[in-house]
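This report refers to the structure that appears directly beneath it.
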Amino acid sequence: MASSRKFFVGGNWKMNGNSESIAEIVKNLNKAEKDFTRTEVVVAPPAIYLKQVVQDLNGKVAVSAQNCYKVSKGAFTGEISAEMIKDVGAKWVILGHSERRHVFGEKDELIGEKVGHSLSAGIGVIACVGELLSERENGTTNDVVCRQIKVISENVADWSKVVIAYEPVWAIGTGKTATPEQAQEVHQMIRGFFKENVSSEVALSVRIIYGGSVNAKNCCELAAKPDVDGFLVGGASLKPEFISIINSRN
Ligand code: PGA
């Protein structure tokens with residue numbers, strides 16, 4: 001049975017691009033957007049280009065920041081707030097990405113606080129979870145993912161503004177994708193967590209997207225899995241093949 005959850009594809013550009021290359025990506029998205037009827041599409045440029053991208057996109061593709069801090073303003077050099085993201089017209093923020101967790105040392109608690117504050121400021125959250133290779137190998141994938149989801153869920157009142165991105169750390173930027181079966185197994189487990197700990201309604205409606213070396217070649221097989229509701233795409237979101245990934249469920 002086809003799910004009633006709207007397919008969701010996010011493009012995480014990370015720390016890539018410049019004014020010129022970003023203008024080119026936006027031009028391609030604008031050209032293609034008539035096809036995006038069944039998929040919610042969001043792109044996340046580096047913070048300094050948020051406003052440019054919000055202004056230049058035609059309107060069907062929403063814009064996300066890649067991170068923000070847990071309060072609205074103050075002496076936090078180098079940070080941006082959810083209020084600022086909203087102010088420039090972006091609608092989403094990615095929080096808890098594995099690079100934030102593992103390169104910048106962000107802990108579950110901080111990520112939870114960021115999730116809570118961003119939602120209360122009125123922007124949607126793409127909340128990322130995922131295990132390290134060592135954790136997969138020692139059989140603790142479910143424990144790690146549940147621990148991360150639990151902290152996130154303690155900070156959420158309205159689930160309609162939250163998308164969960166399952167991104168196994170060993171699959172990000174490595175060219176090593178989780179198999180559709182591996183992705184489905186964890187997504188189903190996450191949905192089960194919601195059923196048990198939040199509600200059946202949330203378990204049915206929350207979108208759980210997959211990230212980690214998604215490309216035009218592997219997206220259709222992953223998209224066919226019942227609990228895979230879309231993708232968070234890194235490297236391939238900078239390339240024309242992003243359009244094929246957006247349309248992988250059509
Ligand atoms: P990747 O990145 O597609 O380049 O593996 C995914 C992500 O980090 O969201």
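Whatever order the structure lists them in is the order used to number ligands and atoms, beginning at 1. None of the values given here were measured: they were computed from a predicted structure. These values consider heavy atoms only, across backbone and side chains, with no hydrogens, waters or symmetry-generated copies. Count residues from 1 along the sequence.
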With distance as the sole test, does S118 use its side chain to make a donor-acceptor pair with the main-chain N or O of V125 at under 3.5 Å?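 Answer holds: no.
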In this structure, is the centre-to-centre distance between the rings of W92 and F8 below 6.0 Å?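 Yes.
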side-chain hydrogen bond (donor to acceptor under 3.5 Å, both in side chains) against K86, all qualifying residues, sequence neighbours excluded: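 Once residues adjacent in sequence are excluded, K86 has no partner under the side-chain hydrogen bond (donor to acceptor under 3.5 Å, both in side chains) criterion.
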Name all residues meeting the ring-ring contact (aromatic ring centres under 6.0 Å, His included) criterion together with Y69; count only those two or more places apart in sequence or in a different chain, and write none if there are none.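 Partners of Y69 by the ring-ring contact (aromatic ring centres under 6.0 Å, His included) criterion, ordered by chain and then number, come out as F76.
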Scan for salt bridge (charged side-chain N to carboxylate O under 4.0 Å, His left out) pairs involving residues 39-68, sequence neighbours excluded, and state none if there are none.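 Every pair satisfying salt bridge (charged side-chain N to carboxylate O under 4.0 Å, His left out) with a residue in residues 39-68: E40-R207.
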Name the residues with a heavy atom less than 4.0 Å from ligand 1?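 Contacting ligand 1 under 4.0 Å are N12, K14, H97, E167, A171, I172, G173, G212, S213, L232, V233, G234, G235.
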Taking the six-membered ring of F104, is the NZ or CZ of R100 close enough (under 6.0 Å from the centre) and on axis enough (within 45°)?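 Judged by the rule (NZ or CZ under 6.0 Å from the ring centre, within 45° of its axis), R100 counts as positioned above F104.
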